[in-house]
Amino acid sequence: MRRLVSAAAAIALVASISASAFAFTSLNKYTNSATVTFGAGTVNLSLTLKRLDNNNTTNQVFWDPSGVNIGVTKWRRADAYIVLSTTMTDSAGAVQIYTDNKGAGASPAYTGTGDCSGLVCAQDTTQALKMAWRATDISTNTLSIQNTTDYANLYVSELSPTNYVFSYLNDPSSGLGMGDSYAQVKTYSQGNHLASGGTGQLWSYVPNINQTYLYLGANFNSALSSRSYSTNKLIVETYLQ
Amino acid sequence: MPSIPGTLPGKDTKMKRIALAASLLAVSVSAFPIGLTPSRLEINLGPGEVVEGTYTVTNDQDFELPVTVASKNWFTLKENLGITATDWLQVWPEELVIPVGGSAVVHYRVSVPAKAKGMLMSMVSYIAPSGPESNVSMALTVPIYLTVNGTEKMKWGINGARPDLSSGTMRILARVVNTGNLYIRPAGSVLLFGPGGKASVINFKEGNPVYPGRVQEFYAEDKDIKLEPGRYRAEIEMNYRGKTCKKRIDFSI
């Protein structure tokens, strides 16, 4: 996992982005919870989306355009976050997150030759905005992605300043290996995947930890006005190995 | 969707049926209510051999559930680079709608490429699309491990161990390295001797497999052990399929 660079400062908004410009495209089926029984054990997973400003339940991961200043804003956290509740009794159970923007049914589907992960531009499908994710044990509504390591809001005593709490969100069509730590949000034995960096991967070391707060960000550095960026292939996957 | 012949391939190809015994995958909550049997498949075949079988998918809820089914690459042994999941694993149908309170059958067909060595591994994913009530898709993914008979090599060891006391609890980490061509899933324990000769046994947390060529750190932790100043000795023992590996470390607090 690599360290991320973020927007330096919030400046006045260039208001040419529609309210839905950075919302994910929707399809046709509600998929928010699942209970899985693997072999002798089980993996129970439910997923709730919440607004960052008031913690009310929502149905979209989105970015409020008022928080994006085209040409200025770089990394910006999403205005909604994901609450994962899991109960695993199979020691090989895990959860990962990624986009699949070249996969069947992707809309808009990425058609370029570069990194296809993240939010795809509807008007130019050769372009995409990089995304990032962060898993924590506790929720926070003062989240930001900093140029420096963001650990002020992370409630883990082991965390050292050399650990990086945001990871790039990747895509298997751009080289992401399934099950790689880049994508692993949590595993049964290690708990939540809190950070990585100079001292290696940092996990909560709470086996079968129930709650995971999953925050997302996107890099708007290359975003253009009057365009929309979205993915309908943000996948939260529970798996057995 | 691949075309699956109703009869078996040529006379040189053997056909085996896999008993869909112990494994069980059941999904049964409101939004993604599928049950699936089996979950983890472990198959042993020789080069050129073929096996077919089925997954049974059930829907216990009160609405129809559309699901997309796909195989995908997960781990590829370096000796098998160039062999993709679809070269040896077919699943069909790729899209299905599970009726209310009913079930559906998903077929799989495994055929071992002649040049395959050691282990092939793929995943089968059951994916519910995103929708107006949530723009995050959920997927359930289960593995198929294929051991190529006559080419397997089991070789692994513990190449390092260390205490990690940073959280204020006794945690021992052991680095397991897999230099064979099959995945391993070792389990084991630490016999810990503390100041005054006090002995404790701490089990390692089992978890994900260690794939060939990879190193994985396993940990054993006992939050009830007080971290008293003095000398400690940790005797680590891990086992997998009849092979035992040991490692000893000494440290002080």
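So that the names make sense, note that chain A is the first sequence line, chain B the second, and so on, each numbered from 1. All values derive from a computational prediction rather than experimental measurement.
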Judged by atom type as modelled, is there a donor-acceptor pair below 3.5 Å linking the side chain of N178(B) to the main-chain atoms of L182(B)?
->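 Yes, because the side chain of N178(B) sits within donor-acceptor range (under 3.5 Å) of the backbone of L182(B).
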Quick note, salt bridge (Lys or Arg N to Asp or Glu O under 4.0 Å) partners involving residues 71-86 of chain B, not counting sequence neighbours, are E237(A)-K72(B)
Q: Flag the pair W74(B) / Y239(A) as yes when their ring centroid distance falls below 6.0 Å, and as no otherwise.
A: yes
Can you tell which of I97(A), I235(A), D100(A), T187(A) has the highest number of heavy-atom pairs within less than 4.5 Å of chain B?
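Heavy-atom pair counts peak at I235(A).
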- Could you look at I82(A) and say if it's the side chain, the backbone, both or neither that has a heavy atom under 4.5 Å from chain B?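 Interface part for I82(A): side chain.
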Under the side chain to side chain donor-acceptor pair (under 3.5 Å) test, residues paired with E152(B) that sit two or more places apart: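 Expected list: none.
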### Task
Output all residues satisfying side chain to side chain donor-acceptor pair (under 3.5 Å) with S122(B), sequence neighbours left out; order by chain, then residue number.
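Checked S122(B) against side chain to side chain donor-acceptor pair (under 3.5 Å); zero matches.
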Residues 213-221 of chain B vs chain A, non-hydrogen distance cutoff under 4.5 Å, contacting residues -> R214(B), Y219(B), E221(B)
Output yes when [X] and [Y] qualify as a salt bridge under the 4.0 Å nitrogen-oxygen rule, no when they do not.
X: K130(A); Y: D115(A); answer: yes
X: D224(B); Y: K226(B); answer: no
X: R241(B); Y: E42(B); answer: yes

Please classify the contact between [X] and chain A as side chain, backbone, both or neither, with a heavy-atom cut-off of under 4.5 Å.
X: Y183(B); result: neither
X: F204(B); result: neither
X: S125(B); result: side chain

